[in-house]
S.K.: 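Supplied in C-alpha cells, the structure appears directly below.
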Amino acid sequence: MHQTIDTESEFLSLHEICQVGDPPSIDSSELVHARYYFSLNMYELSLKLYKNCFSGLDYENPSLSHAAISNNLAVVHEKLGNYQEAKNCFKTSLIIMQKLPEENLEQKIRVSLGLATVTTKLAQYDEAQIYLDKAWDLLSSIKESHSDLMITFLETRGSLLRAISEYEEGYKDHQKAIELHIAKFGNDSIILGPLYENLAFSLKLLGRFVEALQVCRKAQAIYSQKFGDLPPNAITLYCLLAFLQAMLGDTLSATESIDISLRTFKKYFSTSNHLDYAQIEFVYGMIFFCQQRGDKAKEKMSNALEIYSKVGLQDHPEVTNICNTLGLVYASLGAFEEAIRIVQKGEAIIEKLFGKDHPKASGCHNSLGLICIKKNDFFQGFQHYMKCLRLLTKKFGVVHPYIGNILNNVFGLLKWNGVLSLSSTSLINKTMMIYKHYYGNEHKFYTRNKDRIFHVEKEKDLKHLDRLDSSFKHNPV
C-alpha cells in the first residue's frame, strides 16, 4: 500500500535554517566558489557558501535557482554524513519544483533518487520505496533514453533491496548498473569506482568474500589510476577491503587497509561524528578481536556505537551488527551478562524495523549461542544455533558461508559435550563443502575442518567428500 506525502505540511523552510543575520544579495562568484570547493572535496567550505547563496535568493518567489541550490546543499550534506539535513534539502528542492510551471522531469528524477538514497541510509525503507517508485514513474514517462538516470536508478534500488535483505536482487541491480555504464561510457570511467564498491558490498552480504575482494581491487585500481590522492570514496572502499581481508584471515593486510581508510577520512573531514568514521572504528575493533585484544576491540566498537547515538541513528540496522560482535568481545572478557544485554539490544532493533524472526536477526542468535556456550549453558546455546539456522536457510537455502559458520559452531558444541559421532562427521563434511566452494581448499576454514575429520574418525576414507563436492557443483548458490 503506497502512502502519499503531503507536500504542504512537509515544506521545510531552508531560508530559516540557513539565514544568519541579514540575507546577502546572491553572488554568482560565491556560487562558482561553492561548486569549485565541492569539486575539490572541500565539503564543509562548500556547504557554507551554498547556504549563503540560498539565503540570498528571493524566498517569496521560489524559482529553479532555489531548487538547484537546495539540491546542491542536499548533496553536500550527504557527503558530510548529515543524512537528515540532506533529506530536508532534497524535499525542499522537490517541493519547489512541484510549485513551478516547468516540468523539469530529469531534475525531479534526480531529486527523487537522492531522497530514496538518504532515506535508505536513515533506515526509513518504506519512505525510500515511495521516492523510488516516484522516480520510476517519472523515468518511464521520458521517451528518449537516459542511460545515466537508469544507472543511478539501478544503484539506488539495489542499495534499498540490499538494506531490506533482498541481497540477490540488490546484487543483480548493481551488476546491471555496471554493465550499462561500461556500454555507455567505457570501462575507464571514474564513476566505476563507487559502482564496483557497491557490487562488492552486495557480494559481501551474499557471503562471497573472495569475489567481493576481487571487485574491490577493481575499484582500488580505478582510484589509483585516476587520482593523485585517494578521493573520499576510498574511505568506505578501504574499510570494506579491510573487513573482507579480516574475514579471510589476513589481519595484517586488513590493518594496512583500515589505516588507509582512516588517513583518508582525516584528510577530508574534521569531525568524528560521521557514519564512515563509525565503520572505521568498528572494523578496527573487529581486527583487534581477531588478534585476541579484547580491551582494544571493546573500546573501538563502543566508540562506533556512540557515534550512531550522537547522529541520532541509535536504532539503525548497522548498530545490530556492531552489537553482535561487541557481545562476543564482552564474552571473551568474561562479562557474560553485559554480552547478552548488548546483543539483545541489537535484536530489539531488528524486530522494531523488520518484525519478529527476520533473517537479519540470525546474527543475533549466532552471537547469543556463542555467548551461552562460553558460559557453559549448552542447551540454550544449541537453541540459539537452531534458531539461527532456521532463519538463514529460510533466506539463503542450505549452502552459504554463514551456514557453514553455524555448522562449525554446532560441531564445537558437540565436541565440548563429548558427543563425537557420525552426525559430527556429517556436520564437518557439510561445512567443508561450503568453505571449499567459497574460500578454496587452501584456506584455514577448510583445512581446519579437514583435520577434524581425522580427529573424529581416523580410519574413515574421505573419498565420499569428492562425491559431495561433485553433487554441489550441480546445485550452486
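Both backbone and side-chain heavy atoms feed into the values below; hydrogens, waters and symmetry mates do not.
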S.K.: I want to check something: taking the side chain as every heavy atom from C-beta on, are Leu353 and Asp315 in contact at a cut-off of under 4.5 Å?
M.R.: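 No, every pair of side-chain atoms sits at 4.5 Å or beyond.
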S.K.: Counting N and O atoms only, with roles assigned by atom type, does the side chain of Ser253 sit under 3.5 Å from a partner on the main chain of Asp250, one being a donor and the other an acceptor?
M.R.: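 Not a single qualifying donor-acceptor pair exists.
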S.K.: Distance check, rounded to the nearest 0.5 Å: Asn187 atom CG versus Ile222 atom CD1?
M.R.: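 So the gap between those two atoms works out to 8.5 Å.
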S.K.: Does NZ or CZ of Lys204 lie under 6.0 Å from the centre of the six-membered ring of Phe243, at an angle within 45° of the ring axis?
M.R.: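 Yes, Lys204 lies over the aromatic ring of Phe243.
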S.K.: List the atom of His358, the atom of Ser165, and the distance in Å for their closest heavy-atom pair.
M.R.: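 Shortest heavy-atom contact: CE1-OG, 3.1 Å.
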S.K.: Using side-chain heavy atoms (C-beta onward) and a distance below 4.5 Å, is Tyr284 in contact with Met301?
M.R.: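 No, side chains not in contact.
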S.K.: Using a 4.5 Å cut-off on heavy atoms from C-beta on, say whether the side chain of Val75 contacts that of Phe90.
M.R.: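 Yes, side chains in contact.
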S.K.: Does some side-chain heavy atom of Leu192 sit less than 4.5 Å from a side-chain heavy atom of Ile178?
M.R.: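 The answer is yes, as the side chains (C-beta and beyond) meet within the 4.5 Å cut-off.
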S.K.: Please assess Val319 against Leu313 for the test side-chain contact (heavy atoms from CB on, under 4.5 Å), listing each intermediate value before the final yes or no.
M.R.: CA-CA 8 Å; Val319 170; Leu313 292 175; 6.0 Å; no
S.K.: Looking at every heavy atom in both Ile307 and Tyr277, which two are closest together, and how far apart are they?
M.R.: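 Reported closest heavy-atom pair: CD1-CD2, 3.4 Å.
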S.K.: Are Leu391 and His365 side-chain neighbours, meaning at least one heavy-atom pair lies under 4.5 Å?
M.R.: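 Counting from C-beta outward, Leu391 and His365 do come under 4.5 Å.
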S.K.: Would you check if Val111 and Gln107 make a side-chain contact, meaning some heavy-atom pair closer than 4.5 Å?
M.R.: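 Val111 vs Gln107: side chains touch.
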S.K.: Under the side-chain hydrogen bond (donor to acceptor under 3.5 Å, both in side chains) rule, what do Asn321 and Glu318 come out as? Steps first, then yes or no, please.
M.R.: CA-CA 5 Å; Asn321 295 334; Glu318 193 57 39; 3.1 Å; yes
S.K.: To the nearest 0.5 angstrom, please state how far the CD atom of Gln383 sits from the SG atom of Cys388.
M.R.: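 Taking CD in Gln383 and SG in Cys388, the distance rounds to 13.0 Å.
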S.K.: Are the charged groups of Lys310 and Glu306 less than 4.0 angstrom apart, N to O?
M.R.: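 Yes.
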S.K.: Is the backbone N or O of Ser257 less than 3.5 Å from a side-chain atom of Ser261, with the two atoms forming a donor-acceptor pair by type?
M.R.: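 Checking the backbone N and O of Ser257 against the side chain of Ser261, no donor-acceptor pair under 3.5 Å is found.
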S.K.: Show, in sequence, the C-alpha distance, side-chain angles and deciding distance for Lys87 and Gln124, and conclude whether the side-chain hydrogen bond (donor to acceptor under 3.5 Å, both in side chains) test is met.
M.R.: CA-CA 11 Å; Lys87 177 184 174 182; Gln124 298 167 355; 2.8 Å; yes
S.K.: Take Asn71 and Arg110 through the side-chain contact (heavy atoms from CB on, under 4.5 Å) test and state the conclusion after the steps.
M.R.: CA-CA 9 Å; Asn71 182 70; Arg110 295 186 192 281; 5.7 Å; no
S.K.: Once the angle between the rings of His274 and Phe269 is folded into 0 to 90°, is it parallel (under 30°), tilted (30 to 60°) or perpendicular (over 60°)?
M.R.: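 It falls in the tilted class, 30° to 60°.
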S.K.: Do Glu197 and Thr236 pair up side chain to side chain, a donor and an acceptor below 3.5 Å, judged on atom types alone?
M.R.: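 Judged by distance alone, the side chains do pair up.
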S.K.: Are there over 12 heavy-atom neighbours, none belonging to Lys266, within less than 6.0 Å of that residue's NZ?
M.R.: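 Count not over threshold, so no.
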S.K.: The test is side-chain hydrogen bond (donor to acceptor under 3.5 Å, both in side chains); show your working for Tyr238 and Glu256 and say whether it passes.
M.R.: CA-CA 9 Å; Tyr238 277 89; Glu256 293 173 358; over 6 Å; no
S.K.: Please give me the minimum heavy-atom distance between Ala163 and Tyr125, naming the atom from each residue.
M.R.: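 Distance-wise, the nearest heavy atoms are CB-CE2, 3.5 Å.
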S.K.: Could you go through Glu337 and Lys375, starting from their C-alpha distance and side-chain angles, then the distance that decides it, and tell me whether this counts as salt bridge (charged side-chain N to carboxylate O under 4.0 Å, His left out)?
M.R.: CA-CA 10 Å; Glu337 297 309 313; Lys375 60 183 290 210; 3.5 Å; yes
S.K.: Between CG of Leu237 and CG of Asn198, what distance do you get to the nearest 0.5 Å?
M.R.: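 It is 11.0 Å, given to the nearest 0.5 Å.
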S.K.: The test is side-chain contact (heavy atoms from CB on, under 4.5 Å); show your working for Leu262 and Ile235 and say whether it passes.
M.R.: CA-CA 7 Å; Leu262 178 60; Ile235 297 167; over 6 Å; no
S.K.: Relative to each other, are the rings of Tyr308 and His316 parallel, tilted or perpendicular (30° and 60° limits)?
M.R.: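 Ring orientation, 0 to 90° scale: tilted.
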S.K.: Is a side-chain donor-acceptor pair under 3.5 Å present for Asp133 with Gln129?
M.R.: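 Yes, a side-chain donor-acceptor pair sits under 3.5 Å.
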S.K.: On a heavy-atom basis, which atom in Leu160 and which in Ala128 lie closest, and how many Å separate them?
M.R.: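 Looking at all heavy atoms of both residues, the shortest contact is CD1-CB, 4.0 Å.
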S.K.: Start with the C-alpha distance between Tyr43 and Asn41, add both sets of side-chain angles, then the distance that settles side-chain hydrogen bond (donor to acceptor under 3.5 Å, both in side chains), and finish with yes or no.
M.R.: CA-CA 5 Å; Tyr43 302 129; Asn41 303 313; 3.0 Å; yes
S.K.: Is a side-chain donor or acceptor of Ser362 paired with a backbone partner of Pro359 at a separation under 3.5 angstrom?
M.R.: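 Judged by distance alone, yes, a pair lies under 3.5 Å.
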S.K.: For Lys121, does the NZ atom have more than 12 heavy-atom neighbours from other residues, nucleotides or ligands under 6.0 Å away?
M.R.: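 Yes, NZ of Lys121 has more than 12 neighbouring heavy atoms, counting only those of other groups under 6.0 Å.
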S.K.: Quick one: OG on Ser302 to CG on Leu326, what's the gap to the nearest 0.5 Å?
M.R.: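 Between atom OG of Ser302 and atom CG of Leu326 there are 5.0 Å.
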S.K.: Side chains of Thr320 and Glu347: do they bring a donor and an acceptor to under 3.5 Å?
M.R.: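 Their side chains do not contain a donor-acceptor pair, so the 3.5 Å distance test is not met.
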S.K.: With side-chain contact (heavy atoms from CB on, under 4.5 Å) as the test, would you mind laying out the steps for Lys300 and Phe288 before giving the verdict?
M.R.: CA-CA 9 Å; Lys300 291 295 184 181; Phe288 286 133; 3.9 Å; yes
S.K.: Between Leu73 and Cys89, which heavy-atom pair has the shortest distance, and what is it?
M.R.: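 Shortest heavy-atom separation between Leu73 and Cys89 comes out as CB-SG, 3.9 Å.
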S.K.: Mind checking whether His174 and Tyr171 have side chains closer than 4.5 Å, heavy atoms only?
M.R.: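 No, side chains not in contact.
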S.K.: Is the side chain of Thr119 donor-acceptor paired with the backbone N or O of Ala116 at a distance under 3.5 Å, no angle test?
M.R.: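 Confirmed, Thr119 side chain pairs with Ala116 backbone.
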S.K.: Using the ring of each side chain (for Trp, its six-membered ring), is His181 parallel, tilted or perpendicular to Phe185, with breaks at 30° and 60°?
M.R.: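 Ring orientation, 0 to 90° scale: tilted.
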S.K.: Quick check: do Glu44 and Tyr37 have side-chain heavy atoms less than 4.5 Å from each other?
M.R.: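 The answer is no, as the side chains (C-beta and beyond) never meet within the 4.5 Å cut-off.
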S.K.: Could you tell me which non-hydrogen atom of Lys345 sits nearest to which non-hydrogen atom of Cys323, and how far apart they are?
M.R.: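 In terms of heavy atoms, the two residues are closest at CD-SG, 4.3 Å.
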S.K.: Would you call Asp357 and Lys387 a salt bridge, taking side-chain N to carboxylate O under 4.0 Å as the test?
M.R.: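 So Asp357 pairs with Lys387 through a salt bridge.
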S.K.: With rounding to the nearest 0.5 angstrom, report the CD to CD1 distance, Gln344 to Ile349.
M.R.: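 Nearest 0.5 Å value for the CD-CD1 distance: 12.5 Å.
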S.K.: Please confirm whether the backbone N or O of Phe336 pairs with a side-chain atom of Arg341, one donor and one acceptor, at under 3.5 Å?
M.R.: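 Such a contact is absent between Arg341 side chain and Phe336 backbone.
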S.K.: Report yes or no: does Thr393 contribute a side-chain atom to a donor-acceptor pair with the main-chain N or O of Arg390 at less than 3.5 Å?
M.R.: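 A pair under 3.5 Å: yes.
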S.K.: Take atom NZ of Lys218 as the centre, draw a 6.0 Å sphere, and report whether it contains more than 12 heavy atoms from other residues, nucleotides or ligands.
M.R.: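 Open: at most 12 neighbouring heavy atoms sit under 6.0 Å from NZ of Lys218.
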S.K.: Within 45 degrees of the axis of the six-membered ring of Tyr131 and under 6.0 Å from its centre: does Lys134 put its NZ or CZ there?
M.R.: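 That pair does not qualify as a cation-pi contact.
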S.K.: Please report the interatomic distance CG(Asn82) to CG(Leu275), rounded to the nearest 0.5 Å.
M.R.: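 Going from CG on Asn82 over to CG on Leu275, the span is 9.5 Å.
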